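Lettering follows sequence order; numbering is per chain, from 1. Basis for what follows: all heavy atoms, side chains included, without hydrogens, waters or symmetry-related copies. Just so it is clear, the model here is predicted, and its values are computed rather than measured.
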Amino acid sequence: MEKNTIHIDSKNNFFGAIRSLWSGLMLSLRHITKATKRRQPTYVSDPEYFTQKEGLVTLKYPYEAIPVPDNGRYRLHNEIDDCIVCDLCAKICPVNCIEIESIKATEEIGITSDGTKKRLYAPKFDIDLAKCCYCGLCTTVCPTDCLTMTKVYDFSELDIKNMIYHFTDLTPEQAQEKQELYEKQQAAAAQAKAEALKAKQRS
Amino acid sequence: MLALIICIGVILGVVIALAYAERKVAAFIQDRLGPTEVGPYGMFQAIIDVLKLLQKEDIIPAVADKALFRIAPIIIFAAVLAGFAVVPVSPDIISSGAEVGIFFLLSIVSLDVIGLLMAGWGSNNKYAVLGAMRSVGQIVSYEIPAGLAILSAVMICQSLNLQEISFQQGILLNQFAGLENEKNYLFGLKALNIDVTAVGGITTWNIIRMPFLLVSFIIYYIASLAECNRAPFDIPEAESELVAGFHVEYSGFRFAALFLAEYTMMVLVCLVATILFLGSWNTPLPNIGPLKLATWTTGTPGTIGANLWGFFWLMSKVSVLLLSQIWLRWTYPRMRVDQLMQLCWKILIPASLVMVLLAGIWRLLMI
């Protein structure tokens with residue numbers, strides 16, 4: 001400890017200055033001599049993590065990466081099979097990065113894994129991850145836990161349009177077909193209602 | 001013409017290696033990896049950077065003084081390159097064995113200042129002018145201690161011819177025309193009566209022939225750092241205050257030329273330091289009794305072996321000096337302008353004047 005402490009008491013202390021300059025040179029030399037060592041990209045839980053005190057710290061990123069924790073919360077993912085298209089996530093999103101359209105189904109179309117009944121199709125479920133602020137509010141409000149944040153954090157794209165993720169499982173044709181089915185059912189119901197009304201008036 | 005082509009080729013090679021070394025040393029001092037992507041260990045990074053600079057657009061500011069702006073990098077580079085004309089590489093290879101070698105070198109290299117001023121003024125940018133003024137002020141000031149330090153070495157050698165100075169510092173002393181009857185004494189003191197003419201090696205280097213020249217060498221080394229705008233004297237291009245000093249408006253090839261001139265200047269000042277103080281192309285190994293280390297590592301003048309040995313020793317010494325320059329750059333913070341001038345005028349110049357006096361006394365003792 002004493003050895004490395006340099007005390008310069010006056011402004012014009014020539015030898016003090018020389019000693020200080022020399023100790024600076026030796027400091028950088030020590031770093032050069034330790035350049036053969038490299039710190040390993042270990043996670044903080046690794047027992048070696050705090051013992052790697054010397055060596056180069058650069059992480060050659062695409063080739064090496066520090067492990068992401070299992071509960072890392074980065075890219076959004078929607079499990080569309082479990083989604084009931086309730087629109088809560090789109091409503092709570094502070095940056096409006098989620099866009100949802102819905103088509104009512106003519107009948108019950110399935111059950112999510114937690115037992116909720118699905119009654120809506122989602123012809124459009126887009127998340128613009130270029131806008132996303134990773135606050136995670138959408139995942140907390142999701143009633144069926146189908147919208148989650150995953151460990152994936154490196155998803156750069158050359159074209160910003162590719163940052164919009166489409167989660168829908170319907171093709172536009174299928175969506176069109178479902179829409180028509182619904183309208184047909186509505187029309188049939190309206191007609192039946194009108195006929196019933198007419199019959200009531202006649203009697 | 002051939003000498004020019006070889007010279008430019010060697011300089012380009014050294015400069016590219018130097019740019020790579022600088023990045024790696026900087027990285028290692030800062031616990032980083034440095035370039036790794038281009039080629040093994042990122043070796044081709046410097047070459048790729050040169051190619052990148054060459055294909056960049058050549059931008060000349062609209063209201064710049066176009067003639068000055070265009071010519072400045074050429075003048076700077078030409079001035080530095082011309083300095084190599086008198087630098088000996090081995091006992092036989094020297095572009096010009098001019099009798100006034102070191103004098104020519106000092107005067108032609110100081111043309112550099114005109115180029116810097118032209119670049120700063122021609123850019124029509126106040127930061128460029130400020131950078132140029134700082135650069136010129138610094139170089140002009142530091143040429144005085146550098147010149148005086150060189151003068152003390154020249155006084156010891158009694159010659160301005162760089163090749164003659166080189167011959168004096170080794171076992172080939174008597175093979176130079178005009179020096180047939182000269183003798184080297186240990187520490188240059190005839191009174192000690194230890195003849196080291198045949199011992200050679202480090203014992204005949206100028207810093208041993210006249211031990212106080214070590215101080216001159218340090219003065220010259222510090223002044224030369226300032227002359228090629230190296231840290232801790234890099235105020236002309238203080239990136240935190242001036243962005244890039246006098247070359248802030250330059251782009252593409254012209255910037256590359258300025259960059260190249262700076263690194264070439266580094267090589268040149270290290271060559272001069274080596275020739276004047278560190279034994280030039282002479283081997284550091286002395287002849288000890290039957291171990292003729294100096295003779296073995298010098299070769300017979302006129303043969304390829306001697307030329308290769310000369311080139312090898314000169315370049316090794318220069319490389320060590322260049323590495324030390326890089327090491328200093330990444331260790332020390334930049335000096336303030338007033339500190340810079342104080343160091344020059346209050347410390348280096350008086351010290352080098354004392355060295356000139358001491359060199360004169362030593363020369364009297366040598367004869």
Side-chain angles (χ1 to χ4, degrees), chain A residues 1 3-44 46-67 153-154 156-158, chain B residues 20-43 45 214-215 217-219 221-222 225-226 230-233 319-336 338-340 342-351 354:
Chain A
M1 190 67 206
K3 203 180 134 201
N4 290 328
T5 324
I6 305 288
H7 181 65
I8 299 169
D9 43 7
S10 93
K11 261 188 186 173
N12 296 315
N13 185 341
F14 179 77
F15 292 103
I18 298 285
R19 237 187 9 249
S20 157
L21 289 173
W22 182 252
S23 76
L25 279 179
M26 287 301 112
L27 178 70
S28 44
L29 189 66
R30 273 203 298 280
H31 281 272
I32 298 181
T33 54
K34 280 165 189 160
T36 49
K37 292 179 197 158
R38 284 200 60 201
R39 274 181 236 189
Q40 296 306 311
T42 52
Y43 187 57
V44 67
D46 194 295
E48 294 291 299
Y49 187 82
F50 288 107
T51 59
Q52 298 186 49
K53 282 177 185 160
E54 27 192 67
L56 310 177
V57 292
T58 312
L59 192 68
K60 294 166 91 175
Y61 170 59
Y63 315 117
E64 302 167 349
I66 294 174
Y153 60 89
D154 182 0
S156 51
E157 296 283 355
L158 288 175
Chain B
Y20 172 70
E22 169 129 79
R23 288 176 172 197
K24 276 295 188 187
V25 171
F28 290 161
I29 286 177
Q30 296 167 353
D31 282 342
R32 297 184 287 111
L33 262 179
T36 54
E37 282 300 302
V38 193
Y41 303 103
M43 271 177 201
Q45 185 68 48
L214 185 63
V215 180
F217 168 67
I218 292 168
I219 293 171
Y221 182 80
I222 295 172
L225 279 180
R230 290 289 294 182
F233 308 102
S319 313
V320 171
L321 284 183
L322 287 173
L323 274 177
S324 73
Q325 285 196 344
I326 297 173
W327 179 19
L328 286 180
R329 172 171 180 184
W330 297 103
T331 302
Y332 295 144
R334 177 180 309 127
M335 289 180 96
R336 237 171 31 224
D338 60 316
Q339 292 172 331
L340 191 90
Q342 178 176 351
L343 177 69
C344 178
W345 292 96
K346 285 189 177 170
I347 300 172
L348 293 185
I349 292 180
V354 170

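At a 4.5 Å heavy-atom cutoff, A:Lys34 makes no contact with chain B through either its backbone or its side chain. There is no contact between A:Leu59 and chain B, counting heavy-atom distances below 4.5 Å. Neither the backbone nor the side chain of A:Leu27 comes within contact range of chain B; no heavy atoms are under 4.5 Å apart. Heavy-atom distances place the side chain of B:Glu37, and not its backbone, under 4.5 Å from chain A.
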Could you please spell out the steps behind the side chain to side chain donor-acceptor pair (under 3.5 Å) verdict for A:Ser28 and B:Trp327?
-> CA-CA 8 Å; A:Ser28 44; B:Trp327 179 19; 3.0 Å; yes
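Here the side chains of A:Thr33 and B:Phe28 are not in contact, with every heavy-atom distance at 4.5 Å or above. Looking at B:Asp31 and A:Arg39, their side chains come closer than 4.5 Å, going by heavy atoms from C-beta outward.
The structure places OG1 of B:Thr331 at 11.0 Å from CH2 of A:Trp22, a figure rounded to the nearest 0.5 Å. Taking CD from B:Gln30 and CG from A:Leu56, the interatomic distance works out to 11.5 Å, rounded to the nearest 0.5 Å. With rounding to the nearest 0.5 Å, the separation of NZ in A:Lys60 from OG1 in B:Thr36 is 5.0 Å.
More than 12 heavy atoms of other shown residues, nucleotides or ligands fall within 6.0 angstrom of atom OH in A:Tyr153. Counting heavy atoms of neighbouring residues, nucleotides and ligands inside a 6.0 Å radius, atom OH of A:Tyr63 does not exceed 12 of them.
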